[in-house]
Amino acid sequence: MIHDKKAHKYGMVIDLDKCTGCGTCAVSCMSENNVPFKEDESDKKDSITWMRVYRLTNGRPFPDTEVVYMPRPCQHCGGKGDHGHSPCVSVCPATATDYGYDTGIVSQIYTRCFGCRYCMAACPYHARYFNWWDPVWPEGMEKYLSPNVSPRMRGVVEKCSFCYHRYQLAREKAYVNGSGEVPEEDYQTACTTACPAGAIVFGDLNNPSHKVHQIVKPDPHPDPLNPDVVGKSRNPRVFRLLERLGTNPKVYYMSEREWVRKMGDHYLDGEWDKVKNVYGSASHE
Amino acid sequence: MMDAALIPEGAKRCSFPKFMLGIAIVGAVLLWGVYAMLLCWFKGLNQTNMNDYYGFALWIWADLAVIALGGGAFFTGLLKYIFKVDELKNIINFAVIIGFICYSSALLILAIDIGQPLRGWFIFWHANVHSMLTEVAFCLSCYFAVLTIEFIPNILENRQLNKVPFFHHLAHNMHGTMAVFAATGAFLSFFHQGSLGGVAGVMYGRPFAVREGLLIWPWSFFLFTWSAAAFGPCFTLLVTRITEAVTGKKLVKDNVIHLLAKISGWMIVTYMIAKLIDTWYWAYYTAPGLGFELSHFYTNNGFYGYWILVAEIIVCGVIPGLLLINKSTRENPNFRLIAIILAVIGVSLNRWVMVLQIMAVPVMPFDTWALYIPSWQEVATTILPVAYGIILIAFAYRYLPVFPQELELNQPKVQES
Amino acid sequence: MSEIENKTEHGSMDGATAGTAEDPKNDTGLGLGVIFFIVAFLICFLSGWLLFPKLLYSKHEQPFNFDHVLHVEETGDCESCHYLRDDGTFSGIPKLASCLDCHTDEPMGETVDEAVFAAEYVAKEKEIPWYVYARQPDCVYFSHAAHTEAAGMDCKTCHGPIDETRTSRPYEENRLTGYSRDIWGKNIWGIKKNPWDSMKMDDCAKCHVQETGHKGYCFQCHK
Amino acid sequence: MKVDRRSFLGLGIGAVAGIAVSPVGAKLTDDFSIWTQNWPWTPVPPDGEISYDRSVCNLCPGTCGITVRKIDGRPVKIEGLDTYPVNDGGVCLHGIAGLQYLYDPSRVKTPLKKVNQRFVPISWDEALAMVTGRLKQLQEDQNPEALACITGSGQGSVPGLFNHFMAAFGSPNCLTMPDLESWLVLTATTLHGPKQTLGFDIDHSDHILSFGAGLIDGWGSPVACIQAVAGRKQREATLVQIEPRLSNTAAGADRWIPINPGTEADLAMGMCGFLLKENLFDPVFAQGFKGGFMRFTAMVQKEYPLDKVAAVTGVSAADIQKTATAFAKAKMPVALPGKGRGEGAQSLKEFAAVHTLNCLTGNINKKGGAFVKPLPDYLSFPDPVLDDVAQKGAAAEPLAASAQALVARIDQSDQSPVEVLFVYNANPCFALNDPSRVAAAFEKIPFKVCVSPFMDETAMASDVILPVSTFLEQMEDVPSRGGLAASVVGLARPMVKPVFDTRSPGDVVIAVAGSLGGGVAQSFPWKNYEDCLKQVAGKIWNPLTRKGHVIVSGRPPAGSVETDFGFLAENPDTLKPAGDQEFTLIPIDNFRVPPTVPAPSPFAIKTVSDRILKGTDMFVEINPQSANHLKDGGFATLTTPAGSVRVRVHFNDGIMPGVIGMVKGLGHTLNNRYVSGKGVNINALISPTIEPGSGMDAAYGIRAGISKA
Amino acid sequence: MFPFIFEWVWDIGHVLFFGGFWYAIGILGAGMTYCIVKSAIDAMNDTGDNHH
């Protein structure tokens with residue numbers, strides 16, 4: 001494993017107060033990554049959407065109802081203690097998915113995957129999708145497919161790759177420019193660049209000069225309350241999905257609204273009031 | 001009869017046409033399953049009702065269940081060859097055949113259950129040793145080899161085959177070295193039965209499944225091995241009982257039955273104690289530690305209510321255990337039958353919970369319960385092994401000396417005539 | 001015991017001892033067996049080594065012969081035709097357009113190939129359907145920039161001395177996989193003497209381990 | 001010697017051994033593994049040089065700048081164009097899915113004519129000959145006004161060409177579909193005089209009072225509006241959303257005020273009355289008020305007292321006061337009319353009343369306010385040459401003021417006054433209320449020509465289809481519209497050669513005109529559309545081609561503004577939803593479902609929630625409090641005076657009790673299996689009501705009943 | 001599965017896992033070979049017996 005200091009840790013933070021639920025991120029992702037479509041996509045349990053937008057409500061009756069939209073890409077979990085043993089990576093029997101210690105990105109190799117779906121069972125975010133059918137494009141439409149992402153075949157699992165091909169292209173550009181380093185603006189995911197509200201910020205969580213780092217302020221030390229949790233945000237408005245499981249996602253969410261932040265995880269009665277004020281307090285600045 | 005030459009010496013068997021008729025009926029079911037299997041292979045898994053929430057479903061449950069039930073083979077073998085419990089020689093052959101059926105079925109179902117069957121061997125070739133499923137695949141296939149080895153001598157004892165000197169000796173020699181194979185089998189079984197439990201236990205993204213454990217092995221690892229050893233023999237006993245009913249003959253002496261039932265009973269009781277502790281610890285420490293109350297995992301919809309917990313642990317766990325350790329109930333044929341049936345249901349229920357309920361329970365706070373009804377293709381392919389098992393048992397019983405005590409127990413009354 | 005069983009019993013007894021029944025000491029049977037063994041062995045062994053590779057690959061001639069030596073003399077290096085674009089991506093086999101930087105629909109040389117080129121492609125403004133010896137499958141992402149720019153490697157290390165070829169050898173396509181033979185390599189056992197003899201994942205890994213101390217993560221070379 | 005069992009044994013073993021020590025095993029294993037990883041039916045997209053090309057999206061009134069990524073000239077991805085004055089890099093899902101429209105299964109691949117209810121392919125020449133033949137007939141009959149034309153939007157040179165053609169041919173019956181822009185023009189004309197339109201400087205305003213305008217649900221220029229709303233936090237602007245349902249805009253707003261559907265106009269009037277009573281209006285700007293301002297003041301105070309308004313709208317008097325006061329006291333307030341996307345059936349009274357609030361605050365043509373600006377006049381067509389037939393026709397009384405009114409007119413008369421109808425870039429047979437009635441009217445028209453890239457509902461009802469290119473295959477000027485503060489003209493450029501045998505609509509018109517000869521031909525002195533565009537857009541042609549866009553009116557417009565209260569002073573009645581049933585059915589504008597043309601893309605449909613569409617079943621939203629016997633997710637029958645459909649019920653706490661919401665834009669019947677036959681077209685449940693003041697359809701909602709199915 | 005496979009690393013995990021695996025395979029293989037060979041020899045012998 002490459003464990004040098006310079007290792008990147010790409011992640012994103014999504015401002016749920018800005019998100020309008022327009023679905024542009026989802027379509028930008030589909031179009032960027034050659035995601036197929038079929039006649040009926042209304043069964044969301046077999047509809048491939050690397051980026052899915054969930055609709056959350058506070059459950060209060062009229063007129064106190066509130067709604068917020070939560071875009072959910074692959075969370076690119078670092079796994080317990082952020083050691084790279086993501087729930088899905090550690091279970092894949094054929095090494096068809098791995099954790100890139102140089103980028104923190106979880107890969108998926110379609111030609112290696114043989115479709116046992118263990119990774120899907122292991123992922124609590126339902127971020128992994130199975131190709132139940134062979135992808136078919138209407139006559140002629142395959143002309144818009146991008147060569148940067150290989151189309152998948154029936155019977156394999158696919159998921160969001162943080163548009164890794166854009167990283168590959170950015171790297172090549174950096175090589176010819178001689179710099180070798182990929183600038184923040186040169187590697188942005190398709191959902192990030194597409195979002196009309198600018199709700200998504202993407203970059204290197206390890207790089208203090210990157211916007212995502214400045215918003216999230218990830219805590220390098222394990223959470224004293226739960227040693228499995230690393231990189232907890234020191235921004236009181238920022239949270240992660242199911243953080244308590246110790247999956248250590250690299251996708252952070254942000255909201256002014258308490259009920260939204262509480263939606264991010266499970267809390268026993270009374271726990272929330274203890275936890276909510278602790279946000280960020282675990283920092284050791 | 002035309003196939004008399006193949007029938008074990010002195011054994012009484014039904015007429016050949018009658019036999020073939022039975023085979024034909026079951027064969028039809030088999031073909032139905034084969035058709036469904038081919039559909040899944042050629043058209044893909046869209047033939048099933050699985051989805052992205054239910055990536056693991058009926059098939060994986062069937063796998064776990066048959067392997068648990070097939071556990072009778074390794075455990076009986078262990079007792080017979082390692083712990084030298086000699087009476088068991090009278091049932092070991094049958095235990096092995098049942099095991100053979102279960103494991104071959106499991107492998108077949110796995111081969112249907114993967115999206116790219118032709119790449120299935122990647123699990124060995126490009127193995128990721130950190131995955132419990134890899135461990136399952138390896139130990140499963142190795143142990144299947146062991147079962148084949150254990151089955152061969154019995155086949156070679158067929159009256160005609162046995163006349164070939166080489167086969168005759170091979171059978172003999174393999175019997176001689178069987179202890180080594182049995183030991184290896186036990187070793188392998190310990191791991192693959194366990195890793196099947198591990199499959200669920202290591203999914204730390206799924207609070208319903210995840211368990212603490214020892215080193216890399218979650219507690220469910222050991223519970224699965226233990227339960228397989230405990231409940232497997234019950235399945236052996238059940239199938240023996242059914243065979244006796246069908247053939248209308250007594251095939252195994254009661255003392256053997258009682259012994260195995262007793263051992264199984266004590267295994268079940270001890271397992272249930274462990275299981276109760278595990279459940280309690282999980283419900284009161286593991287899950288709450290992740291923010292989940294027990295009530296989160298059980299709904300009032302008919303499929304996933306609390307009843308399943310009660311049914312698995314009390315009705316089909318503790319009760320059969322107690323019935324089997326208690327001499328009077330154990331030796332009473334009816335109570336014994338009830339007990340082994342409950343036990344078989346119990347272990348299947350446990351595997352069911354450890355597969356389907358895990359998939360159904362919502363994990364993200366805003367997620368919902370997933371429901372799933374298998375398609376007929378899934379059902380057919382799951383019934384396929386049953387039909388295949390019946391046929392194999394039928395042939396084995398007809399042509400092989402499976403039950404050493406059969407002749408002795410079914411002597412023609414000499415005093416008459 | 002019944003009649004039939006009796007018969008079958010003897011019948012199979014004969015069968016069981018047939019091989020040795022007549023005369024155990026006479027080992028012609030065994031001798032013959034040995035001869036048969038040797039013959040079969042040789043046939044299969046040789047066809048496995050000599051015939052199999054022929055059957056496995058189908059040969060395709062390039063549209064017309066291309067003289068690298070000549071072009072290198074004219075242009076000086078590989079990069080003038082096979083260059084990195086400004087965005088760092090690799091141009092690969094030149095398009096007709098870049099040929100036309102020097103060529104016209106007037107043949108420049110006397111060779112037949114030159115004539116074919118001018119008549120068939122330049123005149124008709126048709127791209128030349130070259131077979132690419134080094135083509136990798138779709139799942140592979142390969143960055144020339146990373147190797148030539150960042151690692152400072154030369155073309156030869158992976159592509160061999162193509163610049164010294166005056167003729168285009170036929171392209172051999174694996175009938176089963178559709179891959180170019182260059183990927184597995186000429187040697188049917190996959191034994192390589194030069195670094196460019198084969199281009200499989202293990203070859204990449206070998207070099208990467210030496211140079212970077214790590215095989216690399218999946219996404220480093222896959223898409 | 002005797003060949004015996006051992007010989008064969010030897011043979012077998014020898015063969016196996018021979019193969020074993022040959023490379024066959026190893027090689028075939030590897031090749032087999034590779035074979036199972038590259039199935040021939042999985043497409044392999046060709047690689048090549050990456051290039052980026054810029055253009056403008058013309059799918060909706062948004063008119064966003066886009067950049068198209070190409071691989072060796074093959075478009076693979078559409079993204080937002082940075083620094084484009086409308087969307088500055090932003091883009092929406094429909095724009096990104098643009099490439100799907102390019103290869104859409106419902107594209108019309110060649111000209112078609114209808115022969116006993118089936119379409120047969122014909123050549124362009126034949127198609128054009130058919131059309132001109134019919135037109136010549138009209139001229140001979142001295143009846144040019146029997147030609148009518150419906151276009152999608154009024155702006156730009158292509159609609160301009162259609163107008164020019166109608167003028168030259170001598171027919172006054174050129175209509176546009178009711179989009180936000182047409183309502184804004186109507187409002188501006190009514191209040192401030194002709195040849196003007198309204199714009200709203202949302203991204204500088206500090207107090208946005210929206211009367212149901214779905215700022216992040218697709219209103220106006222969707223991306224620009226989303227950006228303006230997203231930037232709200234930084235500049236501490238307030239957004240108050242008034243509408244019966246918790247739309248995404250309401251959910252994102254600082255305050256949501258639920259209101260009885262269809263009473264927005266009354267609320268606005270009530271607020272006007274309150275502001276006037278409290279002297280909370282701008283006296284300086286008020287000097288520009290004329291035409292019955294006094295009458296208006298007296299009228300609103302008499303007719304719209306707070307308690308009465310509160311009773312009608314369901315908004316408490318206190319709330320009205322609070323809201324009105326906050327609005328009037330804000331530094332740069334702006335009030336926005338136009339429910340949902342602001343297109344389709346709206347109400348002039350409502351638009352006028354809401355805009356009057358802007359006038360009262362005096363925040364007109366000031367930063368962060370409402371702009372009263374001249375219609376973009378960058379196009380200069382030559383005066384049409386009219387022969388006497390044409391002159392007679394041109395002088396005739398127009399048949400109707402709106403497409404919907406025209407339909408009603410034809411519907412009522414047993415012999416259609418329209419003999420030839422052109423439809424361009426519009427889908428009236430789907431998008432107008434009560435489409436069955438529209439289809440019936442179409443039946444009566446002897447000859448319908450549909451100029452469209454897609455085989456949509458209207459195309460299917462036509463006699464001849466002239467297939468035109470999509471915005472990615474042709475050049476066209478794209479003026480911004482729909483309430484933007486600035487007026488920007490962008491240039492859409494061909495990103496790819498036409499995929500099918502299609503032409504630019506401009507070329508079609510020019511060709512038809514040419515073959516008609518006479519004055520019409522003289523009025524079209526251009527070789528082709530490009531030549532035409534170069535000349536009519538001459539003023540801005542150079543910067544347009546150089547920069548790709550031109551800002552024709554900077555912000556804010558200069559000059560004083562006069563306001564005429566004549567229309568409102570008469571206090572036109574607010575049209576209540578027709579019918580008398582228990583509930584009110586209102587359309588929901590969902591960002592992911594385009595309402596009119598073109599139909600949704602497969603990607604867009606894929607993003608639609610399974611609480612809107614499940615299989616082919618349509619969901620309607622209803623508040624659990626008023627759902628009484630209905631079950632969430634259960635089936636129900638929804639009945640309105642216009643019709644009755646089977647739907648499924650979705651309990652939504654965010655919709656007012658007594659209101660039923662249904663997403664607009666689904667239920668297409670065109671031949672694209674990814675989009676067709678899914679859900680219900682809500683327009684089929686709403687019967688049009690023509691608003692007297694505007695002559696436009698103002699039936700936004702309708703009374704409805706719902707019961708378990 | 002074999003040291004020459006791409007995924008193979010000489011770490012404790014692989015050594016233990018495949019150590020166990022090849023050990024088991026070894027035993028089974030050896031056991032069966034022993035049985036077959038011994039049976040073949042036995043068979044030879046007693047066929048020999050038949051003829052003396």
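Residue numbering restarts at 1 for every chain, and letters A, B, ... go by the order of the sequence lines. Computed from a prediction, not measured in an experiment: that's the story for all the values here.
Put simply, the side chain of C:K223 never gets that close to the backbone of A:Y164: no donor and acceptor are under 3.5 Å apart. Of the possible donor and acceptor atoms, one in the side chain of A:Q168 sits under 3.5 Å from a partner among the backbone N and O of C:F219.
Residue contact with chain A, scored on non-hydrogen atoms closer than 4.5 Å, involves the backbone and the side chain of C:D138 alike. Looking at C:Y141, only its side chain comes within 4.5 Å of chain A, counting heavy atoms on both sides. Neither the backbone nor the side chain of A:Y167 comes within contact range of chain C, judged by heavy atoms closer than 4.5 Å. For chain C, the nearby part of A:I105 is the side chain; its heavy atoms alone come within less than 4.5 Å.
When all heavy atoms are compared, the tightest approach of A:V176 to C:G88 is CG1-CA, 3.7 Å. Of all heavy-atom pairs spanning A:S150 and C:C139, the tightest one is OG-CA, 3.8 Å.
The local environment of NZ in A:K173 is sparse, with at most 12 non-hydrogen atoms from other residues, nucleotides or ligands closer than 6.0 Å. Atom NZ of C:K206 sits in a sparse spot, with 12 or fewer heavy atoms from other residues, nucleotides or ligands closer than 6.0 Å. Applying the 6.0 Å contact sphere to CD of C:E125 captures no more than 12 heavy atoms from other residues, nucleotides or ligands. Surrounding CD of C:E110 are at most 12 heavy atoms belonging to other residues, nucleotides or ligands under 6.0 Å away. In the displayed structure, C:D101 atom CG is contacted under 6.0 Å by more than 12 heavy atoms of other residues, nucleotides or ligands. Within 6.0 Å of CD on A:E139 lie no more than 12 heavy atoms contributed by other residues, nucleotides or ligands.
A:D102 contributes atom CG, which lies 8.5 Å from atom NE2 of C:H214 (distance to the nearest 0.5 angstrom). Distance OH/A:Y175 to NE2/C:H144: 14.0 Å, rounded to 0.5 Å. Distance CZ/C:R85 to CD/A:E172: 9.5 Å, rounded to 0.5 Å. Interatomic distance, NZ of C:K215 versus CG of A:D98, reported as 12.5 Å (0.5 Å rounding).
When side chains are defined from C-beta on, A:L169 counts as touching C:T89, because their heavy atoms get closer than 4.5 Å.
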